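To start, the structure itself, in structure tokens.
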Amino acid sequence: MLASLSLNVNAELITYGEFSKEKNSDVVTGLGMEWLQWSSTRGMSINRALSSFSQNGWRLASITEVTALFNYFVPEYEWIESESVSQTTTTGWSDELSPDSETDVQFQTLFGYTHLYPASDYLEGDGLNLTQAIFGSDDNGNNYYGLAGLYDDSTAFNGNQRGGNAYLSKDQHVASFAFPRYGVALVRGDLDLSYLDGDLSFQGGERDTGGNGGNTIDVSGDGTSNENNNQVASVPEPATLGIFALATGLLISRRKIFCFNSFGKDLL
């Protein structure tokens, strides 16, 4: 069972539970803060992103804030605040075609996609969509930062179904590091978790986490954080049947109902 946040669209406003975004805006509001869409900083380093946006009050999202974000959208897994531990969990596979019951789709609708894989590798409207961004507080003072990411379930051209994944990697990127498939998580405001004191009535729609989707949870870390500091992060990515990978964009196409167009081991 995964949490399912209700969808409301009023006067160009897209709302999922505590989060909302105007249809044509790249600013997401939620948990008392503003979050810049990750797709807006795609391909930027932390340094470049802050140079471009800090004058408008944007700052790098902290580990506390990103952990809270993932605990909201992927609540079936208890995410912990750690700069030296990598965490990943499946979000399963579902034949539901609406973001009403798919919180990973909701997350990507709000935060945008940072990479799109060739549509020809997947069934029309069900590609592999990727959303990920560099973040961190550098509380340990080692000058490295982590990576947060999520990809939705997908169906390959031959009908093979793959579950989605969400992940927070240990810190391993310097502030000058940039990669075309990564954004930078920027925020404004102060974190507000008062929703935890209320009724979490947004829990709803079921999702099949069995079969190919699996229900595996993995936490790994060796206490170090400076290896591969200028390398593409090693993160959970779905197995592929040939030449598959991950995908991204911003409101392109999503299964037969919504037109929204998509971690793992080496994102090369």
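Every value quoted in this text rests on a predicted model; they were computed, and no experiment measured them.
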Worksheet entry | Which residues share a side-chain contact (heavy atoms from CB on, under 4.5 Å) with Asp26, sequence neighbours left out | Leu36, Gln37, Ser40

Discussion item. Tell me if a side-chain donor or acceptor on Gln172 pairs with a main-chain N or O of Gly146 at a distance below 3.5 Å.
Written reply: no

Worksheet entry | Any Leu69 side-chain heavy atom under 4.5 Å of Phe135 side chain | no

Practice prompt. Evaluate the side-chain proximity of Asp104 to Asn165: yes if any heavy-atom separation is below 4.5 Å, no if none is.
Written response: no

Fill in: With Ala178 via side-chain contact (heavy atoms from CB on, under 4.5 Å) - residues at least two apart
Ser45

Discussion item. Can you confirm whether Asn56 is buried at CG, in the sense that more than 12 heavy atoms of other residues, nucleotides or ligands lie under 6.0 Å from that atom?
Written reply: yes

Worksheet item: Residues in side-chain hydrogen bond (donor to acceptor under 3.5 Å, both in side chains) with Glu34, at least two apart?
Response: Arg188

Worksheet item: Can you check whether Phe70 reaches Phe107 side chain to side chain, under 4.5 Å on heavy atoms?
Response: yes

Worksheet item: With sequence neighbours excluded, what pairs up with Ser51 under the side-chain contact (heavy atoms from CB on, under 4.5 Å) test?
Response: none

Discussion item. Is the distance between the ring centroids of His173 and Phe179 under 6.0 Å?
Written reply: no

Discussion item. Run the side-chain hydrogen bond (donor to acceptor under 3.5 Å, both in side chains) test against Ser62 and tell me which residues pass, sequence neighbours left out.
Written reply: Glu65

Practice prompt. Please name all residues satisfying side-chain hydrogen bond (donor to acceptor under 3.5 Å, both in side chains) with Asn143, sequence neighbours left out, ordered by chain then number.
Written response: none

Response to the item:
Sorted by chain and residue number, the side-chain hydrogen bond (donor to acceptor under 3.5 Å, both in side chains) partners of Ser25 (sequence neighbours excluded) come out as none

Discussion item. What's the separation between atom CZ in Arg59 and atom CD1 in Ile46, rounded to the nearest 0.5 Å?
Written reply: 13.5 Å

Worksheet item: Who passes side-chain contact (heavy atoms from CB on, under 4.5 Å) against Ala133, sequence neighbours left out?
Response: Trp38, Ala185

Worksheet, complete the sentence: So OG of Ser54 and CG of Leu60: to nearest 0.5 Å the spacing works out to 11.5 Å

Worksheet entry | Side chains of Thr155 and Gln161, donor plus acceptor under 3.5 Å | no

Worksheet item: In terms of side-chain heavy atoms, does Gln108 have a donor or acceptor partner in Thr131 at a distance below 3.5 Å?
Response: yes

Discussion item. Can you tell me how far apart CG (Leu186) and CH2 (Trp58) are? Round to the nearest 0.5 Å.
Written reply: 7.5 Å

Discussion item. Could you check whether any side-chain heavy atom of Thr29 comes within less than 4.5 Å of a side-chain heavy atom of Lys21, counting everything from C-beta outward?
Written reply: no

Worksheet item: What orientation do Phe19 and Tyr72 show, parallel under 30°, tilted 30 to 60°, or perpendicular over 60°?
Response: tilted

